Amino acid sequence: MNNFLKITALATLTIPAILFAEDDEFFTPKSTIGGYGELHYNHSKADGSDAEKILDFHRFVLFYSHAWTPKWSFKSEVELEHNFVKEGQGELELEQAYIDYHHSDEFGFQVGVVLPSVGLINEWHEPPLFLSVERPSYSKNIIPTTWFGNGAAIYGNVKGFDYKFTVMEGLDATGFSSSGIRSGRQKGFESNAEDLLYNFRLNYTGVNGLLVGTSFSYNNATHVDSSSNNSVSLFEFHAKYDANNFVGVFELGNITYGEPDLIGGVESSFGYYLDLGYNVGSFMNCDTKIIPFFRWEDYNTAAKTEAGGDSEKANHLTTWMVGLSVKPIDQVVFKVDYGVSKNELSDAKTKMFNFGAGYMF
Amino acid sequence: MKFSNFYILLLLFTLTGNVFSSIKNDAETSIKNIFGEESTLTFEKFKLQNELKNSIEKEAKQKFFRDEVYLWKITKNDSSLGFAILDNVLGKAMPITFLIIFDKEAKILSSEIIKYREAYGGQVGNRNWNEQFIGRNAESSFTVGKDVDGISGATISVNSVSKGIQKLCILAKAIKEKP
């Protein structure tokens with residue numbers, strides 16, 4: 001790909017915006033802050049071992065943004081995980097930091113640290129926006145949420161169709177394994193830019209309360225330590241309905257690997273989950289949303305392997321969960337859930353009980 | 001797609017997107033669409049008196065963006081057809097400019113987002129979403145998720161705009177009673 005063309009394209013976009021003054025009497029340049037956070041209590045007990053109890057302020061996040069003009073702004077998200085950072089414990093991450101040019105409803109672009117648009121939770125992960133205490137396992141093991149990196153994106157909305165096309169740093173194939181691609185994220189740390197990630201997402205939001213969409217991502221992932229590549233193609237479908245007191249969520253994703261031999265014969269990863277909830281607060285005529293929910297989740301990071309047989313069962317987990325999500329206001333949530341997950345090969349079960357409190361602003 | 005094609009596409013987007021129209025003109029076009037070309041629009045910047053402003057803010061649980069709104073009174077052959085109010089609410093970081101058109105009884109005839117400035121949450125501009133407000137007035141409820149449908153991925157905008165519309169309904173009632 002021609003670098004000169006890429007730069008010229010950017011220049012062409014920016015010049016008209018600079019030449020034409022903007023007529024907007026309501027806009028004033030300003031900075032804003034926002035954020036979210038979540039405290040978790042996790043109690044988990046695997047077959048044959050003692051219960052593990054953890055009290056964790058999992059995420060503390062600050063958004064900082066500044067708008068110079070109605071079209072030109074800067075957005076950022078800094079995240080502190082697990083309270084403090086020391087020798088591999090806890091994480092301090094710059095998950096978003098980009099210049100945004102919002103040309104019109106139909107077209108805009110972002111350059112900096114960006115989020116690829118994959119699944120429902122990668123871009124929208126504030127705790128009041130999902131039902132369970134922890135994010136769904138699918139959103140960790142199939143979609144490596146939060147997936148961020150250095151790059152650029154174009155986006156817009158045309159007749160109810162919302163699109164985003166992202167080009168950013170690729171994955172490091174050294175991190176791929178029978179556990180999926182999660183450990184391959186470079187997280188913007190002096191990222192190897194040998195082979196970039198291309199991600200395209202299309203959402204439809206024309207029906208009130210409904211969001212339905214799909215994305216496709218491709219990266220001919222480099223082994224940062226050697227010269228061999230292992231390409232990954234990630235296809236996913238997502239839908240969410242949240243209206244008339246009903247909440248329904250469904251996500252499904254599949255990853256195929258170009259060079260199974262490099263990761264113990266794993267050819268593909270696959271998973272899905274379904275959430276069903278209902279705001280029973282509506283029966284009591286109170287403004288607090290009280291949403292009991294049920295989840296079924298199924299994922300297998302080595303769903304298809306060259307060897308087949310048990311190797312396709314070893315990483316297969318199914319989970320059922322019931323829980324309650326209570327929102328006194330839309331920005332504050334208290335959650336409790338209980339679930340049991342089972343490994344297909346060993347039949348080993350893990351029981352989980354979680355409590356959480358979260359906020360966003 | 002070859003990158004050169006992509007470049008041409010970007011160029012086209014840029015050149016064709018720069019059609020200039022002011023917020024006020026856009027609003028007046030929308031008002032004429034409802035009441036017809038023959039209707040007469042009388043524009044004023046309506047100052048919000050402190051007492052009224054405070055009581056509306058308390059009821060809708062949202063501050064006004066400024067201490068004035070844009071107000072049009074619509075008449076035809078000297079008889080009143082209704083009125084329209086343009087105001088702003090804050091989205092995540094930027095103002096969202098919206099227009100509510102009322103009949104002469106201060107009931108909503110139309111709700112429209114005139115200008116959305118953020119990268120995300122622009123779905124509050126969807127016609128379907130705005131149509132749910134038609135027929136509401138100062139006595140209606142505006143609780144998101146219960147009385148107002150939410151939009152996944154636009155939580156903040158939906159909450160903000162819904163409260164903004166409620167504020168204008170209460171204001172419209174006051175304007176109707178004390179023109």
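Per chain, numbering begins at 1; letters A, B, ... match sequence-line order. The figures that follow rest on heavy atoms only: side chains count, while hydrogens, waters and symmetry mates do not. Since this is a predicted model, take the numbers as computed values, not measurements.
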**OP:** Sort Val144(B) into side chain, backbone, both or neither according to what part of it lies under 4.5 angstrom from a heavy atom of chain A.
**Re:** both
**OP:** Name the option with the most non-hydrogen atom pairs under 4.5 Å to chain A; the candidates are Gly125(B), Gly122(B), Ala93(B), Ala154(B).
**Re:** Ala93(B)
Original post:
Hey, are the side chains of Glu118(B) and Asp100(A) touching, using non-hydrogen atoms and a 4.5 Å cut-off?
Top reply: no
Original post:
How close do Ala119(B) and His102(A) get, heavy atom to heavy atom, and via which atoms?
Top reply: CA-ND1, 3.9 Å
Subject >> Atom pair CD/CD1 of Glu126(A) and Ile156(B) - distance to nearest 0.5 Å >> reply: 6.5 Å
Original post:
If you tally heavy-atom pairs under 4.5 Å against chain B, which of Leu210(A), Leu211(A), Asn208(A) wins?
Top reply: Asn208(A)
Original post:
Near Ile99(A) CD1, under 6.0 Å, is it more than 12 heavy atoms from other residues, nucleotides or ligands?
Top reply: no
Original post:
With a 4.5 angstrom heavy-atom cut-off, which part of Tyr155(A) approaches chain B: side chain, backbone, both or neither?
Top reply: side chain
Subject >> Contact class of Asn244(A) relative to chain B, heavy atoms under 4.5 angstrom >> reply: both
Original post:
By a 4.5 Å heavy-atom criterion (distance strictly below it), what part of Asp105(A) contacts chain B: side chain, backbone, both, or neither?
Top reply: side chain
Acceptor/donor pairs from residues 75-84 of chain B side chains to any protein atom, 3.5 angstrom cut, sequence neighbours excluded:
residue: Ser79(B); atom: OG; partner: Lys76(B); partner atom: O; Å: 3.1

**OP:** Kindly give the heavy-atom pair with the smallest separation between Met94(B) and Thr69(A), and that separation in Å.
**Re:** CE-O, 4.1 Å
Original post:
Would Gln331(A) and Thr155(B) count as a side-chain contact (heavy atoms from CB on, under 4.5 Å) if you check the C-alpha gap in whole Å, the side-chain angles of each, and the deciding distance to 0.1 Å?
Top reply: CA-CA 9 Å; Gln331(A) 294 81 10; Thr155(B) 315; over 6 Å; no
Original post:
If you tally heavy-atom pairs under 4.5 Å against chain B, which of Thr32(A), Thr28(A), Asn203(A) wins?
Top reply: Thr32(A)
**OP:** May I ask you to check whether over 12 heavy atoms, not counting those of Glu139(B), lie within 6.0 Å of atom CD?
**Re:** yes
Original post:
For chain B, which of Gly206(A), Gly108(A), Ala243(A) has the most heavy-atom pairs under 4.5 Å?
Top reply: Gly206(A)
Subject >> Proximal component of Lys75(A), with respect to chain B [non-hydrogen, under 4.5 Å] >> reply: side chain
Subject >> Glu25(A) and Thr97(B), any side-chain heavy atoms less than 4.5 Å apart >> reply: no
Subject >> Proximal component of Leu120(A), with respect to chain B [non-hydrogen, under 4.5 Å] >> reply: neither
Subject >> Nearest-0.5 Å distance, CG of residue Asn157(A) to CG of residue Asn126(B) >> reply: 6.5 Å
Original post:
So which of Thr143(B), Ile151(B), Asn159(B) has the largest heavy-atom pair count under 4.5 angstrom toward chain A?
Top reply: Asn159(B)
**OP:** Report yes if the side chains of Lys115(B) and Phe27(A) come closer than 4.5 Å at any heavy-atom pair, otherwise no.
**Re:** no
**OP:** Below 4.5 Å from any heavy atom of chain B, which atoms of Tyr64(A) appear? Answer side chain, backbone, both or neither.
**Re:** neither
Subject >> Side-chain touch Lys146(B)/Asn285(A), heavy atoms, less than 4.5 angstrom >> reply: yes
**OP:** Would you please go through residues 61-72 of chain B and name the residues with a non-hydrogen atom below 4.5 Å from one of chain A, in numerical order?
**Re:** Phe65(B), Arg66(B), Tyr70(B)
**OP:** Counting only heavy atoms closer than 4.5 Å, note whether Leu86(B) contacts chain A via side chain, backbone, both or neither.
**Re:** side chain
Original post:
Where does Thr205(A) contact chain B at under 4.5 Å (heavy atoms): side chain, backbone, both or neither?
Top reply: both
**OP:** Would you indicate whether the side-chain heavy atoms of Tyr120(B) and Lys164(A) approach each other to under 4.5 Å?
**Re:** yes
Original post:
With a 4.5 Å heavy-atom cut-off, do Phe63(A) and Lys92(B) have their side chains touching?
Top reply: yes
Original post:
Measuring heavy-atom distances to chain B, does Ser73(A) have an atom under 4.5 Å in its side chain, in its backbone, in both, or in neither?
Top reply: side chain
Subject >> Over 12 non-hydrogen atoms of neighbours within 6.0 angstrom of NZ in Lys53(B) >> reply: yes
